[in-house]
Amino acid sequence: TECGAGKYSDSVEATAESTCDNCPEGKWSDAQGAVNSTTCTACAIGKYSTTAGAKNENSCETCATGATTSSDGSDAVSDCICGKGYMGPGGAAPCTACAAGKFQDEVNKQMCKSCPAGEASAGTASNCTACAKGKYTQSTDSSECTLCPVGEIASGTGTVNCTQCSPGKEASNDHISCEDCSPGKYANFPDVKACENCEIGKYSSQQSSSCASCGSGKSSPPGSPDCP
């Protein structure tokens with residue numbers, strides 16, 4: 001007599017199903033006439049089965065939301081532990097998603113970790129994301145990064161403190177680089193953080209930190225590159 005699904009026998013003299021062994025808890029088999037235990041398939045990671053002799057994969061139950069297992073072939077609901085991005089009492093279910101600004105990159109943990117300065121997370125995170133170029137955050141537990149202030153840039157990722165543009169320059173619209181003030185304009189951080197037009201009667205060349213006065217008897221409209 002062949003062993004039915006969920007069972008196997010490595011005895012060549014097996015003559016009745018009663019001589020067949022069950023696949024153990026945490027495994028299943030839909031094979032007929034199995035002659036060894038290798039036909040028993042382990043429940044996938046994140047699932048478990050308390051049934052011996054299970055005949056199909058449906059016997060494997062899924063751990064609760066946010067929970068997983070440390071390996072395949074789990075045979076008890078107690079094997080379910082909180083997965084990455086989650087926390088729970090003793091590291092087990094019920095699991096709660098990490099809040100925005102926090103993360104958890106390990107399983108089976110009862111607390112989430114804080115994102116460091118220069119990084120942020122929107123929640124349910126297994127890691128924090130470095131601030132993109134042009135943005136920064138000085139705080140821990142940040143849920144998002146902020147565009148650098150006027151006159152300052154972040155040329156790299158993960159910025160904690162933005163960099164001031166040098167005199168005669170202003171931040172690009174994306175705050176990734178500093179750009180020269182055009183003729184007729186000037187900037188001088190921190191008093192003038194973005195390029196401004198020279199006043200009436202004054203002028204400037206490119207990348208100027210101040211405007212020069214027109215000579216005697218000459219004048220110019222605002223934003224002039226020279227005095228006519």
Side-chain angles (χ1 to χ4, degrees), residues 66 68 82-87 95-107 109 111-228:
T68 186
C82 293
K84 295 179 180 181
Y86 290 83
M87 64 178 184
C95 302
T96 304
C98 292
K102 295 185 179 293
F103 75 104
Q104 183 49 262
D105 56 352
E106 301 176 89
V107 299
K109 296 298 178 180
M111 295 292 290
C112 295
K113 305 173 185 177
S114 296
C115 290
E119 299 183 12
S121 82
T124 320
S126 58
N127 55 66
C128 300
T129 303
C131 293
K133 293 179 179 180
K135 296 186 175 185
Y136 78 108
T137 174
Q138 297 177 327
S139 306
T140 58
D141 298 318
S142 292
S143 60
E144 60 182 0
C145 300
T146 305
L147 196 67
C148 286
V150 175
E152 300 184 36
I153 64 165
S155 58
T157 59
T159 297
V160 177
N161 295 301
C162 298
T163 303
Q164 299 174 359
C165 289
S166 58
K169 294 177 177 284
E170 67 178 355
S172 57
N173 289 335
D174 56 14
H175 289 257
I176 294 176
S177 61
C178 293
E179 300 175 342
D180 292 349
C181 290
S182 58
K185 295 176 180 286
Y186 74 105
N188 196 347
F189 198 97
D191 298 322
V192 182
K193 299 178 180 179
C195 299
E196 293 185 2
N197 284 333
C198 291
E199 300 173 356
I200 294 175
K202 294 187 175 184
Y203 71 99
S204 73
S205 56
Q206 185 169 333
Q207 195 183 335
S208 292
S209 60
S210 62
C211 300
S213 296
C214 293
S216 178
K218 293 186 176 182
S219 187
S220 64
S224 293
D226 53 36
C227 294

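- Smallest separation of non-hydrogen atoms from Cys128 and Phe103: SG-CD2, 3.2 Å.
- Closest of all the heavy-atom pairs between Ser177 and Ile153 is O-CG2, 3.5 Å.
- Residues in residues 168-190 take part in these salt bridge (charged side-chain N to carboxylate O under 4.0 Å, His left out) pairs, two or more places apart or across chains: Lys169-Asp180.
- Val150 approaches Ala194 most closely through the heavy-atom pair CG1-CB, 4.2 Å.
- For residues 204-215, there are no salt bridge (charged side-chain N to carboxylate O under 4.0 Å, His left out) pairs, not counting sequence neighbours.
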Using the side chain to side chain contact (heavy atoms under 4.5 Å, CB included) rule, take Cys181 and Ser208 through it: C-alpha gap first, then chi angles, then the decisive distance, then the call.
CA-CA 7 Å; Cys181 290; Ser208 292; 5.9 Å; no
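- Summarising the geometry, atom OH belonging to Tyr86 is positioned 10.5 Å from atom OG belonging to Ser126; distances are rounded to the nearest 0.5 Å.
- Shown here are the side-chain contact (heavy atoms from CB on, under 4.5 Å) partners of Asn127, two or more places apart in sequence or in another chain: there are none.
- Considering only residues two or more places apart in sequence or on other chains, Lys109 meets the side-chain contact (heavy atoms from CB on, under 4.5 Å) condition with Gln104, Glu106.
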Which atom pairs, one a donor and one an acceptor, fall under 3.5 Å between side chains of residues 218-228 and the rest of the protein, sequence neighbours left out?
residue: Ser220; atom: OG; partner: Gly201; partner atom: N; Å: 3.4
residue: Ser220; atom: OG; partner: Lys202; partner atom: N; Å: 3.2
residue: Ser220; atom: OG; partner: Lys202; partner atom: O; Å: 2.9
residue: Ser224; atom: OG; partner: Pro221; partner atom: O; Å: 2.6

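- Among pairs with a residue in residues 186-201, none fulfils salt bridge (charged side-chain N to carboxylate O under 4.0 Å, His left out), at least two apart in sequence or across chains.
- By the side chain to side chain donor-acceptor pair (under 3.5 Å) test, Thr137 pairs with Ser142, sequence neighbours left out.
- Every residue was checked against the side-chain contact (heavy atoms from CB on, under 4.5 Å) condition with Glu144, not counting sequence neighbours, and none meets it.
- For Ser143, the side-chain contact (heavy atoms from CB on, under 4.5 Å) partners are Ala100, not counting sequence neighbours.
- Within the structure, the side chain to side chain donor-acceptor pair (under 3.5 Å) test picks out the following pairs touching residues 149-166 (sequence neighbours left out): Gln138-Asn161.
- Looking only at side-chain heavy atoms (C-beta outward), Thr146 and Tyr136 come within less than 4.5 Å of each other.
- Within the 4.5 Å cutoff, the side chain of Ser114 has heavy atoms near those of the Asp141 side chain.
- Separation of atoms CE (Met111) and SG (Cys82) is listed at 12.5 Å; rounding is to 0.5 Å.
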Using the rule given for side chain to side chain contact (heavy atoms under 4.5 Å, CB included), can you reason through Lys84 versus Thr68, listing the C-alpha separation, both sets of side-chain angles and the distance that settles it, and then say yes or no?
CA-CA 9 Å; Lys84 295 179 180 181; Thr68 186; over 6 Å; no
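- Pairs passing the salt bridge (charged side-chain N to carboxylate O under 4.0 Å, His left out) check and including a residue from residues 115-140, sequence neighbours excluded, do not occur.
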